Engineer: 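Okay, handing you the structure first.
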Amino acid sequence: MPGVRLASPQGRWVLLTTVLGSSMVLLDSTVVNVALPRIGRDLDADLAVLQWTVSAYMVTLAGLILLGGALGDRFGRRKVFVVGVLWFAAASLLCGLAPNAGVLIAARALQGVGGALLTPGSLALIQASFHPDDRGRAVGLWSGFGGIGAAVGPFLGGWLVDGPGWRWVFLINVPPAVLCVLIAVRHVPESDSGEQAHGRFDVLGAVLGALALGLVTYALIEAGEAGEGSLLVAVTAVAGLAVAVAFVAVEKRGPHPMMPLDVFGSRLFTVVNVVTLCVYAAFGGFFFLAALQLQVAVGWSALAAGTALLPTTVLMLLLSARSGELADRIGPRIPLTVGPLLCAAGMLLMTRVGPGASYLPDVLPALLVLGLGMVTLVAPLTATVLAAVDTGRAGLASGINNAAARAAGLVAVAALPLLVGMGPEAYREPDAFDDAFGRAMVLCAAVLVVGSVIAFVTVRRPAPGCRHPECRTHGSVAVPPLEPETASETASESGPGPEAGRKGGVSRETPPPPGPGRL
């Protein structure tokens, strides 16, 4: 049983290293968007390169994140976390030194691999290290401090782009990574070998999932470059769909799938993930294009554009816990219906933001409405995901939901410019970009309305006694929070037989396990 107490010096070191590790990934998800126009100008790149700068990272992160925690079970949670941090730092260094767009895109894909190892690994370390009585508070602090890192991202990114240059958006990851590794090696205990021995992972499923996402993304981005009638686009799209079918077949028949399909036997879980796809597709498209719009069409500096986007994250940090408490009282149906509608209204208000726009009358109202919508829906969304499955599979359900949100954002970044007619040189032409941005906001709002209608029609109050989120404070605007696993979840996933892990039966008060198997 883990025995590190939160109030002890070692407990503070463990918390610090996990926060440093996860904050790098959260920071990266917000700072890069602000740097895109400068990256494009410096590398003489078209819009497709900017899309790939975001998408290459998201492909590997979304495709491999379900694998990350399982690798920790097999090889040691601290070891895999440290490898993830070092990998992320090395890839960040390569991004910062990239001489051309091709190297930058390849480095971003490698960066996503590191993120897939360290993101679930940081939460696994908390669960593996802290005493059961302190784990809930440690998870809360980890989530809250990580959210602060996400909030700092747009401001820091803008300051770096306008100051030392866009390359420092990536190079800034190296010093905290070095500090994180030094603290982990010196102060964080490794999980016992007995805990690691039963870890199993689904390499084939992870590779197929990432490959399917990559092929579909390539087809969508290439369609915007070469035209929808291109033979390469058609072949790649068909190949992506074929690999996706193969992924489903492997997950259905494999002995230890990373995404057991029987979890979708819960109608509520399936429906909430469909809502997740709608919501986070809109969010992914919005945050990719909004930073570009504020710089390209409105003419603001990177620092001004990054700072302008802060209200959404600040509102999430301040109000997400209270939103979760409200949903506990009234049920998830109303928040999951009203939240996307508020977000849709915020995006429609963003259509007023164009050349000559001012912050207070034009930009701020839209971001406040959008932020309130996000506050309204994110915590209830996570709670409903956890409540939709057996308590012993809540960590797995959270991981699937997190990966689904990342995949939705990835597809949106690839598809939205194509759907609204952004050409390869659109970000160099303020008027053309402004027109396309307005159409994109209307499309994102429509997707949010679809998610709202689905939630209203299908979501009902979960059964009493279900598990509630431990991450009550959340600051990331890109993905829903990850949740740790429970005792029976880890035990059942380690057990033999095809029925392993299908029943939970653990109450919320059950002491936590030595560490999670996978997220």
Side-chain angles (χ1 to χ4, degrees), residues 65-66 69 120 123 139 248 251-252 257-281 320 323-340 376-408 450-472 474 479-490 492-493 499-510 516-519:
I65 195 169
L66 286 172
L123 186 55
V139 169
V248 173
E251 298 307 285
K252 183 177 181 179
M258 69 176 189
M259 191 178 74
L261 297 184
D262 66 309
V263 74
F264 292 96
S266 165
R267 178 175 176 271
L268 181 60
F269 179 74
T270 302
V271 165
V272 174
N273 275 284
V274 172
V275 175
T276 297
L277 292 173
C278 294
V279 165
Y280 281 94
S320 56
S323 172
E325 293 169 359
L326 176 63
D328 287 343
R329 292 198 299 269
I330 67 174
R333 186 186 186 192
I334 293 177
L336 293 183
T337 300
V338 174
T376 303
L377 73 90
V378 171
L381 185 73
T382 300
T384 309
V385 165
L386 299 183
V389 298
D390 291 334
T391 306
R393 308 187 83 181
L396 171 64
S398 172
I400 293 174
N401 186 246
N402 185 276
R406 295 181 188 277
V450 171
S452 173
V453 171
I454 293 172
F456 179 77
V457 172
T458 60
V459 172
R460 297 293 182 267
R461 181 184 288 272
C466 58
R467 176 174 156 182
H468 295 274
E470 292 188 42
C471 296
R472 307 292 288 182
H474 183 52
V479 288
L482 283 169
E483 289 287 329
E485 294 179 355
T486 62
S488 79
E489 190 166 7
T490 305
S492 61
E493 290 295 338
E499 300 299 317
R502 295 192 180 179
K503 296 294 179 183
V506 180
S507 70
R508 192 181 176 196
E509 289 75 22
T510 301
R518 67 166 180 260
L519 291 171

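Just the heavy atoms: all of them, side chains too, but no hydrogens, waters or symmetry mates, feed the values below. Owing to the predicted nature of the structure, the values given are computational and were not obtained by experimental measurement.
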Engineer: So, E251 side chain and M259 main chain: donor-acceptor pair closer than 3.5 Å or not?
Structural biologist: yes

Engineer: For the atom pair NZ (K252) and CG (D262), what is the distance rounded to the nearest 0.5 Å?
Structural biologist: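 Rounded to the nearest 0.5 Å, the NZ-CG separation comes to 11.5 Å.
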
Engineer: State the CG-CG distance between L386 and L396, to the nearest 0.5 angstrom.
Structural biologist: 11.0 Å

Engineer: Please confirm whether the backbone N or O of F264 pairs with a side-chain atom of T270, one donor and one acceptor, at under 3.5 Å?
Structural biologist: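 Indeed, once roles are kept as given, a pair shorter than 3.5 Å links the two residues.
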
Engineer: Between the side chain of S266 and the main-chain N/O of A388, is any donor-acceptor distance below 3.5 Å?
Structural biologist: yes

Engineer: Taking the side chain as C-beta and beyond, is there a heavy-atom pair between P380 and I334 under 4.5 Å?
Structural biologist: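 Of all side-chain heavy-atom pairs linking I334 with P380, none is under 4.5 Å.
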
Engineer: Nearest 0.5 Å, please: how far is CG in D328 from OG in S323?
Structural biologist: 9.5 Å

Engineer: Can you confirm whether L381 sits close enough to V279 that some side-chain heavy atom of one is under 4.5 Å from a side-chain heavy atom of the other?
Structural biologist: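 No; the side chains remain at least 4.5 Å from each other.
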
Engineer: Can you see which heavy atom on L377 is nearest to which on G339, and at what distance?
Structural biologist: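 Taking every non-hydrogen atom into account, CD2-C, 3.5 Å.
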
Engineer: What is the minimum heavy-atom distance between V389 and A397, and which atoms define it?
Structural biologist: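 Nearest heavy atoms, V389 then A397: CG2-CB, 3.7 Å.
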
Engineer: Applying side-chain hydrogen bond (donor to acceptor under 3.5 Å, both in side chains), name anything that partners T276, two or more places apart in sequence or on another chain.
Structural biologist: N401

Engineer: Which pair of non-hydrogen atoms, one from P332 and one from T384, has the smallest distance, and what is that distance?
Structural biologist: CB-OG1, 3.1 Å

Engineer: For the residue pair T337 and S452, establish whether any side-chain heavy-atom pair is separated by less than 4.5 Å.
Structural biologist: yes

Engineer: Got a sec, which residues hit side-chain contact (heavy atoms from CB on, under 4.5 Å) with V274, two or more places apart in sequence or on another chain?
Structural biologist: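 By the side-chain contact (heavy atoms from CB on, under 4.5 Å) rule, V274 matches I454.
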
Engineer: Return the CZ to CD1 distance between F269 and I400, rounded to the nearest 0.5 Å.
Structural biologist: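 Between F269 CZ and I400 CD1, I get 4.5 Å after rounding to 0.5 Å.
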
Engineer: Using the test side-chain hydrogen bond (donor to acceptor under 3.5 Å, both in side chains), find all partners of N402 that sit at least two apart in sequence or belong to another chain.
Structural biologist: R406

Engineer: Would one find more than 12 heavy atoms of other residues, nucleotides or ligands at under 6.0 Å from atom CZ of R267?
Structural biologist: no

Engineer: Quick check: closest heavy atoms across P480 and A405, and the distance to 0.1 Å?
Structural biologist: CD-CB, 3.3 Å

Engineer: Looking at every non-hydrogen atom in both residues, tell me the closest pair between V450 and C278 and how far apart they are.
Structural biologist: CG1-SG, 4.2 Å

Engineer: Where do L482 and G399 come nearest, in terms of heavy atoms and distance?
Structural biologist: CD2-CA, 3.9 Å

